[in-house]
Each structure stands twice: as structure tokens, then as C-alpha cells.
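These notes concern the structure reproduced below.
This is a predicted model, so every value here is computed, not measured. Chain letters run A, B, ... following the sequence lines, proteins first, then strands; residues in each count from 1.
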4 protein chains.
Amino acid sequence: MARPRNTDRRSAILSAATRAIASQGLGATTAMIAKEAGVSNGSLFVYFDTKAALLNELYVALKTEMATTSLVGLPAGSEPREQMLHMWTQWLRWATASPEKRRALAQLQVSDDITAASHQAVNSASSAIADLLERSRAGGPMQDAPLGFVLTLTNAIAETTIDTVIREPADAEALVRVAFDAIWRVIAGA
Amino acid sequence: MARPRNTDRRSAILSAATRAIASQGLGATTAMIAKEAGVSNGSLFVYFDTKAALLNELYVALKTEMATTSLVGLPAGSEPREQMLHMWTQWLRWATASPEKRRALAQLQVSDDITAASHQAVNSASSAIADLLERSRAGGPMQDAPLGFVLTLTNAIAETTIDTVIREPADAEALVRVAFDAIWRVIAGA
Amino acid sequence: MARPRNTDRRSAILSAATRAIASQGLGATTAMIAKEAGVSNGSLFVYFDTKAALLNELYVALKTEMATTSLVGLPAGSEPREQMLHMWTQWLRWATASPEKRRALAQLQVSDDITAASHQAVNSASSAIADLLERSRAGGPMQDAPLGFVLTLTNAIAETTIDTVIREPADAEALVRVAFDAIWRVIAGA
Amino acid sequence: MARPRNTDRRSAILSAATRAIASQGLGATTAMIAKEAGVSNGSLFVYFDTKAALLNELYVALKTEMATTSLVGLPAGSEPREQMLHMWTQWLRWATASPEKRRALAQLQVSDDITAASHQAVNSASSAIADLLERSRAGGPMQDAPLGFVLTLTNAIAETTIDTVIREPADAEALVRVAFDAIWRVIAGA
DNA sequence: TATGAATGAGGATTCATTCAT
DNA sequence: TATGAATGAATCCTCATTCAT
């Protein structure tokens with residue numbers, strides 16, 4: 001049952017789940033999600049074996065989308081700092097343009113339902129980001145730390161920034177610049 | 001008169017809740033918690049009106065304990081960096097010594113059951129930390145950012161570090177040092 | 001499409017509730033009612049949002065049935081006394097034929113769970129009875145009393161009679177006749 | 001444990017139960033009642049073995065008080081109608097002066113917790129009333145009906161009247177007179 | 001005797017999942 | 001395939017009653 005024809009329905013459900021989780025948290029019921037998707041209760045289980053399966057798939061989809069979007073139009077030949085800044089800007093654009101996706105993702109990230117496999121899948125999906133990070137930290141104070149740590153760290157800072165911006169969009173621009181400088185200091189020193 | 005209300009029981013429940021939440025997540029049932037505390041199902045509700053009330057109290061207790069412990073023996077006259085380092089060390093010591101408290105706290109932090117009042121209570125409990133942060137960033141690149149942002153940012157970095165250390169305690173010492181330098185770079189520049 | 005919602009099931013639950021309440025009182029649990037109806041615990045809540053909702057619906061259904069039955073075959077052109085006697089006879093027939101309905105109704109009538117709306121709904125359902133009562137008391141000693149009072153009074157006498165008849169069916173016939181005369185004396189004098 | 005010294009406490013509890021039941025219905029918890037009585041939870045069970053025991057005792061006490069009060073100052077040598085009128089007046093005075101007792105009694109009367117023994121006890125307590133009723137109906141249309149039936153019937157009419165008066169005290173006086181005439185018509189004819 | 005802490009058997013309700021149509 | 005009715009285990013919480021003090 002895991003992959004029937006109608007792709008629209010699948011994504012309708014995933015999209016509904018995003019909205020439901022953003023507003024109700026992980027406690028959003030499958031009934032709510034189905035209703036939000038304009039689909040029957042039972043249909044949800046035609047497309048996803050389990051609520052957990054839905055959650056995992058949504059997590060991977062959201063995180064992958066985020067990674068992909070962040071890399072769109074990356075200036076190929078530029079310096080790492082330039083590229084990081086580009087990524088950072090894209091990332092924030094995505095998150096502020098889709099606050100519901102961001103909120104849902106934040107919830108999913110800490111859920112016990114997300115399997116190690118999903119976390120793994122996401123990691124490999126963001127290998128391009130990892131590469132960029134690798135190049136950015138070369139010769140810097142973080143060069144000997146585990147790459148995973150640097151990744152998570154960057155992610156944590158980014159998410160904190162995003163959440164602050166979403167909550168108080170007043171001085172967003174300034175804040176975003178300050179935050180990028182902070183990230184760069186973390187990764188590349190000075 | 002009557003059997004006096006047993007303060008041990010209260011803390012037994014809080015402590016059991018910590019363990020249960022650390023291992024089962026916020027879905028840990030009141031029955032589990034009561035059993036783990038060696039207390040009857042109904043007794044839990046003698047001490048806490050509601051599961052949410054228990055969660056909130058636990059959150060405040062844990063976070064306050066973390067803040068208090070981090071400040072124990074703070075070298076009064078020293079430079080901000082010295083003091084931050086001290087706090088950082090203490091913080092990590094607490095977290096690594098009590099991984100269950102750390103895990104429970106991580107879950108509680110994102111729970112919808114935690115009221116604004118509890119978050120407020122915690123904030124005021126950690127005002128000393130805020131002060132230290134304020135002094136540390138003076139004249140640095142973060143001096144104009146909202147203090148709350150700097151606080152959350154520091155917190156995020158710390159927690160990421162702690163989680164990594166807990167997961168892979170191999171090169172803990174080195175990692176901790178690297179992470180502190182990163183934090184200092186974020187807050188104070190250079 | 002899907003399994004159509006079974007109307008029998010609804011009435012099975014209502015009917016089971018009647019029996020359960022007749023024998024156990026309003027404390028009859030939803031579990032008992034569901035079991036008695038040959039339905040799962042959860043199904044009860046598919047048909048009734050709440051135990052209180054079930055109770056209210058049952059109350060209205062029972063009282064309406066009682067009113068309707070009492071009016072079946074009412075001799076249209078007859079004198080009020082004739083009509084009242086007819087109603088009285090039908091009423092008693094219904095009550096003695098369905099002692100469980102009568103007992104359940106007695107309990108529901110005094111329940112705090114029955115809303116004003118339900119009481120209202122019942123009132124309008126028994127407007128034909130009210131009309132008959134109005135005609136019967138015309139020119140009699142009760143002509144200036146509030147109609148609601150006369151209605152409740154009649155109801156109280158009827159129910160007392162019914163309960164006595166159900167408890168001791170020995171001289172039912174005589175008792176019923178005596179009681180009717182009493183009612184008529186109350187309403188119409190002489 | 002059924003009858004310890006301190007009579008004040010006993011009656012404090014009974015009185016508290018009256019108030020609690022009047023306002024909360026039979027669902028009033030023993031905790032509520034104890035608190036209302038200014039007595040500890042556990043003490044209630046020193047005086048009454050069981051909640052049901054408390055309820056039964058309260059029922060008997062209330063009903064007995066009602067009967068006794070109704071007979072105070074009964075004009076000894078008068079005609080039955082005169083005596084009935086006196087009783088009726090006293091009864092209504094008691095009920096309107098103590099609406100909480102009346103409300104509690106109404107609830108208790110239909111409770112499954114009240115044993116047959118309690119109902120029996122009440123009957124014998126109101127034997128004087130029964131006597132009066134017996135004399136009143138002599139030679140009338142109710143002379144051959146079971147005495148118990150006539151008693152319950154009278155009671156039902158009285159209670160309906162009381163409830164109406166309590167609910168809408170506007171034309172109380174007129175209503176009370178009309179109702180008495182109705183009762184007398186029921187019992188003694190014309 | 002008086003207290004109120006402690007108990008644990010329920011009780012109403014929810015919800016992921018199954019299944020008849 | 002799509003539906004939504006049906007399920008029943010699981011959950012939080014209540015409350016009469018017991019018992020240590």
C-alpha cells in the first residue's frame with residue numbers, strides 16, 4: 001500500500017499534516033489531518049501505513065525541501081563565505097515564507113516517532129551543505145571537530161534565528177546579518 | 001493528627017517523572033510515573049492537580065536547578081570570560097552527570113503543556129545568567145541584538161554540545177573546549 | 001462507499017440505555033449500555049458525542065413517544081372528558097406495557113444532565129396535550145392557574161398512579177378508574 | 001461507629017449534606033459535604049459508615065421533620081378539612097422556608113441509594129398524617145383505594161405545588177389556595 | 001476521636017487502525 | 001480504490017473508603 005498512483009492525494013495529506021502539526025502540535029489527530037486534506041479518515045491509511053510513517057515521510061520531505069531550496073542558485077565559483085551567505089539568505093527566505101513548514105519541522109525534529117533511518121536520510125540529502133561547511137571551516141578553529149557537530153551547531157543557530165525573526169519580524173534584516181556573522185565566527189573564526 | 005504529607009513523595013514523583021519522560025517522552029503516562037515513583041495512581045493527583053501541572057513544575061524545577069548549579073562558585077571578581085567559562089563548565093558537568101534530567105528538559109522545553117507563566121518563572125530564575133551574558137557581550141558584535149536572542153542562541157549552542165557529548169563521550173574534553181571558544185566568539189567576537 | 005451508518009445501532013443504543021437506566025439508575029455506565037446494545041465501547045460515541053447527549057436524546061425520545069402514543073386514536077369530535085379519558089387510558093397502557101421506559105423516564109426527568117433545551121423540546125411536542133388540558137379546564141376551578149402548573153400536576157398524578165399500578169398490578173383496573181376521576185375533579189371540578 | 005457522642009458534628013454533616021445535595025445533586029462528593037460541614041474528610045466516615053448510610057439517614061430526617069412540622073398546632077377537635085388545611089399551610093411554610101431541604105429531599109426521594117427500610121421508616125413516621133387522610137377520605141370517592149396510594153398522591157400534588165411556588169413566588173397565595181381545593185377534591189370529592 | 005494522606009477500582013472519552021461496503 | 005463506521009486499548013482523572021498518626 002505504500003505507494004499508490006494518486007500523487008496529489010499523497011501531497012495533499014502531507015501538506016495538510018504540515019498545517020495541522022504547525023497549529024496543533026504532534027498531537028494533531030489523523031482525523032484532523034485527513035479532514036484538512038479533504039480526504040476520508042480511511043484514505044489516509046491507504047497512503048501511509050501508519051501515523052508514524054506519515055510523520056517520518058513529512059520530516060524527510062520538509063527537511064529535504066529546506067536543504068534543496070537553500071542551495072538553489074548557489075554561486076558556483078565563489079568563496080565559501082559568499083556561498084554560505086547565499087545559503088543562509090535562501091534558508092531564511094524559505095523559513096519566513098513558510099512559517100508553518102518551519103513550525104512543523106521544529107516539532108518533528110524532537111519527536112520520538114522520527115526514526116534513526118529518517119535522520120540518516122536527511123543527512124545524506126544535505127551532503128552538499130555538509131561539503132560547503134567542510135570547505136568553510138578549513139583552517140579554522142572548528143577544523144578538527146566532528147563534522148556532524150558543526151552541522152547541528154549551524155542548524156541550531158539558524159533555527160534560533162529563524163524563530164526569533166518569525167516571532168518578531170521588526171528588525172529582521174539587522175538580526176539576520178548579525179546572526180550570519182556569528183555563524184561565520186563559529187565556523188571560520190575571526 | 002493525620003499522616004503528614006510526605007515531601008519525599010512529591011520529589012519521588014518529580015524524579016520518577018524525569019526518568020519516565022527521559023525514556024518515554026512526554027507520552028509517559030501518569031500511571032507509569034506513579035509506578036516508577038512507588039506510589040499509587042491516585043496519589044500522584046494528591047500532589048499534582050493535573051498531568052500538565054506536574055509537567056510545568058518539573059520544567060521549572062529542572063531549569064532552575066540547571067541555572068543554579070551553573071552559577072555555584074562563580075569567581076566573583078573575575079573577568080566575564082573567566083566567569084562564562086566557569087558557568088559553561090558547571091553547566092556541562094550538570095548535564096553530563098544527569099543525562100536524564102537533560103533529556104527530560106529538552107522534551108519539556110518544546111511541550112505545548114508548558115505555560116507562559118512557567119517560561120516566565122524560569123526567565124526570572126536565570127536573571128543572573130542574563131547579567132553575565134550582558135557583561136560578556138559589552139562592546140562586542142552582539143551588543144545591539146536583543147538580549148533574549150543572545151540568551152536563546154547561547155542556550156542552543158550549549159544544548160547541541162551537551163547532546164553531542166552525551167551521545168559520544170569519547171573526545172568530550174576537546175569538544176567542550178572548542179564549543180566554548182565558539183560561544184565566546186559568538187558573544188564577544190574575536 | 002463505506003459501510004452505511006446503521007440506524008438500528010442508534011436505536012439499539014437508545015434501547016439499551018433505557019434498560020440499563022431502568023435497572024441501574026443514571027449511574028449506568030456507558031460501558032454497560034454499549035455492552036447491552038451489543039456494540040463496542042467506542043461505537044457509542046460515534047452515535048452520541050457525550051453520555052449527557054445520549055441521556056438528553058433518550059429523554060426527548062421517550063417523552064415524545066409517550067405523548068404521541070397517548071394521543072393515538074383520539075376521538076376527534078368528542079367532549080373533553082371523553083378525550084381525556086382516552087388519553088389517560090392510552091397513557092397507562094403505554095406505561096404499563098413498557099415499565100422500563102417509564103422507569104428510565106422517571107430517572108431522566110430529575111437528572112441535572114437534562115438541559116433546558118430538552119425540556120423545551122418536550123414541551124412543544126406535547127402541545128396537543130396542553131390544548132386538551134386547556135379545553136378541559138375551561139370554566140372549572142383551575143381556569144386561572146398557570147397552564148404549566150396544571151400540566152405538571154396532571155403529570156404527577158398520572159405518574160403516581162402508574163407507579164402504583166406497576167408495583168401492584170392487582171386491582172389495576174379499579175385504581176385507574178378512581179385515579180381518572182380524581183384527575184378530572186382536579187381539572188374540571190365536580 | 002454508628003452513633004458516637006458529638007451530636008453537633010452529626011447534624012453539622014447532615015446539614016452540610018442538605019446544602020451540598022441541594023446545589024450539586026446526589027453527585028455531591030463526600031469531600032464536598034465534609035468541607036461544607038467544616039469537618040475533615042475522614043471524620044465523615046466516623047459518623048456515617050457509608051455515603052449511602054448518610055443519604056438514608058438524611059432522607060429519613062428530612063421527611064420526618066417535614067411531617068412533624070406539618071402537624072404542629074393541629075386544631076384537635078376540628079373538622080378534617082380544617083385540619084387538612086392547617087397541615088397543608090404548615091407544610092408549605094416549611095418547604096418555602098427551607099427550599100434547600102425541599103430540593104435535597106426531592107433528589108433523595110428518587111435515589112436508588114435509599115433503601116426500602118428507609119422508605120418504611122418514613123411511612124411509620126407519618127402515621128398521624130395517614131390517620132388524618134383516612135378520616136378525610138371517609139365516605140368520599142377515594143375511600144376504597146389503597147391508603148398508600150392516596151398518601152403518595154397527596155404528596156405528589158403537594159410537591160408539585162411547592163416546586164411551582166418556589167420557582168415563581170409571584171402569585172403564591174392564590175396558587176396555594178387553588179391547589180388545596182384541588183387536593184380536597186381529590187380526597188373528599190366535591 | 002480526629003485528621004487528611006493514600007489508595008485503586010472504575011469511568012467517560014479519545015484515537016490510531018481495521019474492515020465492510 | 002475510497003470511504004467512514006466500527007473498534008477497543010489506552011488515558012487522565014475522580015472519589016468513596018481506609019489507615020497511619
Check the side chains of S23(B) and R19(B) for a donor-acceptor pair under 3.5 angstrom, ignoring hydrogens and angles. no

Can you measure F45(C) atom CZ to dC15(E) atom C1' for me and round it to whole angstrom units? 13 Å

Taking 4.0 Å as the cut-off, does a side-chain nitrogen or oxygen of S43(D) come that near to OP1 or OP2 on dA2(E)? no

Minimum-distance pair of heavy atoms, taken over all atoms of I114(B) and N56(B): CA-OD1, 3.3 Å

Round to the nearest Å and state the distance from L26(D) atom CG to dC15(F) atom P. 14 Å

Separation of dT17(F) atom P from N41(D) atom CG, nearest Å, is 11 Å

Looking only at dA12(E), dT17(E), dG8(E), the nucleotide nearest the T30(A) side chain is dT17(E)

Starting at CD1 of I13(A) and ending at P of dA2(F), how long is that distance when rounded to a whole Å? 9 Å

Using atom NZ of K35(C) as one end and atom P of dA6(F) as the other, report the distance to the nearest whole Å. 20 Å

Other residues, nucleotides, ligands: >12 heavy atoms within 6.0 Å of R103(B) CZ: no

Please state how far atom CZ in R10(B) lies from atom P in dA6(E), giving the value in whole angstrom units. 11 Å

Quick one: D49(C) CG to dT14(E) P, roughly how many Å, whole number? 8 Å

Taken to the nearest 0.5 Å, the spacing of L55(B) CG from F48(B) CZ works out to 10.5 Å

Specify the separation, in whole Å, of atom CZ of F48(C) and atom P of dT13(E). 13 Å

Between T29(B) and V39(C), whichever has its closest DNA chain F nucleotide further toward 5' is V39(C)

Shortest side-chain distance from K51(B), nucleotide among dT3(E), dC12(F), dT7(E): dC12(F)

On DNA chain F, does the nearest nucleotide to A28(B) precede the nearest nucleotide to G42(A) from the 5' side, or the other way round? Give the residue. G42(A)

Base, sugar-phosphate or nothing for R9(D)? Non-hydrogen atoms, less than 4.0 Å. sugar-phosphate

Need one value for Y47(C): base, sugar-phosphate or nothing, where a base atom within 4.0 Å counts as base even if backbone is also close, heavy atoms only. sugar-phosphate

T115(B) versus S118(B), side-chain donor and acceptor atoms under 3.5 Å: yes

Using purine N1 to pyrimidine N3 plus N6-O4 or O6-N4 for Watson-Crick, or N1-O2 and O6-N3 for G-U wobble, both under 3.5 Å, which nucleotide pairs with dA20(E)? dT3(F)

